[in-house]
There are 2 protein chains.
Amino acid sequence: MKNIPDMEILFELADLFKVFGDSTRLRIMHTLFEDEHSVGEIAENLNMEQSTISHQLRVLRTNKLVKVRREGKQIYYSLDDDHVKRIIEMGLDHVLE
Amino acid sequence: MKNIPDMEILFELADLFKVFGDSTRLRIMHTLFEDEHSVGEIAENLNMEQSTISHQLRVLRTNKLVKVRREGKQIYYSLDDDHVKRIIEMGLDHVLE
DNA sequence: TGAACATATGAATAACTGTTCATATTTCAT
DNA sequence: ATGAAATATGAACAGTTATTCATATGTTCA
């Protein structure tokens, strides 16, 4: 295994996992697995309030898990990098056993 | 990537990540990376109340992330399987970039 | 059996977090 | 410019959760 993470890093790490520890955010990320989507599309897809999705997208954005692209009135979100997918898949391995 | 997880599984997955999303639990798991340890050892190591550690160990136990072995008065905890390490290391990859 | 030690548990509290409602901001089309 | 559409933001509320204190349970040893 890698170097032993010091305490401060473990706090950062906890913050990261906290972001994954909410089903709404997880469902949003899952929605973005294949393609980018606008806020409205995500809200409709998950059948939740636009406001709720927007709030949660901000959390994901703040934590650099999604990135943004504006196109006219719509704002398209997509996964920021491959870590997101891999972290989720790693968790799935544990859940699906 | 694997099959698309259905909604119910995403809820379970969120619950799993929730467990990782607390620094005390993460520090406990990190303490157990190399060796098993008793509750008292962990508490001393992290400089936290025995009661706090015990409560959090129960959460970890409930979620099958640690396992237990009794030896006299002491109870020794260790990581349950390799997923734990791998999930943490995967998260570290993202934090340490 | 009783004292001492290790761990677990329950109740209480304080802090945090997700959702909703209302409203603000931004952009486009007319 | 004005209205409509898409998204963001702020305040409030309800539900959740981590920690602490006090105490209970279980184990060993004399």
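FYI, side chains are in, hydrogens and waters are out, and symmetry mates aren't considered; it's all heavy atoms of this structure. Letters go in sequence order (proteins before strands), and every chain restarts at 1.
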Where along residues 61-73 of chain B does a heavy atom fall under 4.0 Å from DNA chain D?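 Result for residues 61-73 of chain B: B:Arg70, B:Gly72, B:Lys73, sorted by number.
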Describe, in one word, how the ring planes of B:Phe20 and A:Phe17 are oriented to each other, choosing from parallel (under 30°), tilted (30 to 60°) and perpendicular (over 60°).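 It falls in the tilted class, 30° to 60°.
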Just wondering, are more than 12 heavy atoms of other shown residues or ligands nearer than 6.0 Å to CD in B:Glu8?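 Count not over threshold, so no.
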Do other residues, nucleotides or ligands put more than 12 heavy atoms under 6.0 Å from the NZ atom of A:Lys67?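 Yes.
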Sidechain N-carboxylate O distance under 4.0 Å for B:Asp15, B:Lys18: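 B:Lys18 and B:Asp15: salt-bridged.
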Out of D:dT9, D:dT19, D:dA8, whichever nucleotide has its closest atom nearest the side chain of B:Gln56: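 Between D:dT9, D:dT19, D:dA8, the one nearest the side chain of B:Gln56 would be D:dT19.
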Just compare C:dA8, C:dT19, D:dT7 and give me whichever is closest to any side-chain atom of A:Ser38.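 Among the listed nucleotides, the one closest to the side chain of A:Ser38 is D:dT7.
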Report which part of the nucleic acid [X] touches: base, sugar-phosphate, or nothing (heavy-atom distance under 4.0 Å, all strands).
X       : value
A:Gln74 : sugar-phosphate
B:Glu49 : sugar-phosphate
A:Tyr76 : nothing

Would you say B:His55 stacks on D:dT19, if stacking means ring centres under 5.5 Å apart and planes within less than 30 degrees?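 No, aromatic ring not over the base.
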Does a distance-only test, which skips hydrogens and angles, find a donor-acceptor pair under 3.5 Å between the side chain of A:Gln50 and the base of D:dA8?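 When only heavy-atom distances are counted, A:Gln50 does reach the base of D:dA8 through a donor-acceptor pair under 3.5 Å.
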Ignoring hydrogens and angles, answer whether the base of C:dT9 and the side-chain atoms of B:Ser54 contain a donor-acceptor pair closer than 3.5 Å.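 There is none.
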Output the rounded distance in Å from [atom1] ([X]) to [atom2] ([N]).
X       : N      : atom1 : atom2 : value
A:Arg27 : C:dT19 : CZ    : C1'   : 14 Å
A:Glu41 : D:dT7  : CD    : P     : 8 Å
A:Phe11 : C:dC16 : CZ    : P     : 13 Å
B:Ile75 : C:dC5  : CD1   : P     : 18 Å
A:Met48 : C:dC21 : CE    : P     : 12 Å

Is there side-chain contact between B:Ile42 and B:Leu32, with heavy atoms separated by less than 4.5 Å?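 Counting from C-beta outward, B:Ile42 and B:Leu32 do come under 4.5 Å.
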Do A:His94 and B:Leu65 touch side chain to side chain, with heavy atoms closer than 4.5 Å?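 A:His94 vs B:Leu65: side chains touch.
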Cluster question for you: counting only ILVMFWY and a side-chain heavy-atom cut-off of under 4.5 Å, with indirect links fine, are A:Ile28 and A:Tyr76 together?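 Result: no, two separate clusters.
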Report yes if at least one side-chain N or O of [X] is closer than 4.0 Å to OP1 or OP2 of [N]; otherwise report no.
X       : N      : result
A:Arg58 : D:dA8  : no
B:Thr52 : D:dT20 : yes
A:Tyr77 : D:dA6  : no

Find which nucleotide of DNA chain C each of A:Arg25 and B:Val39 is nearest to by heavy atoms, and output the residue with the more 5' nucleotide.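 Result: B:Val39.
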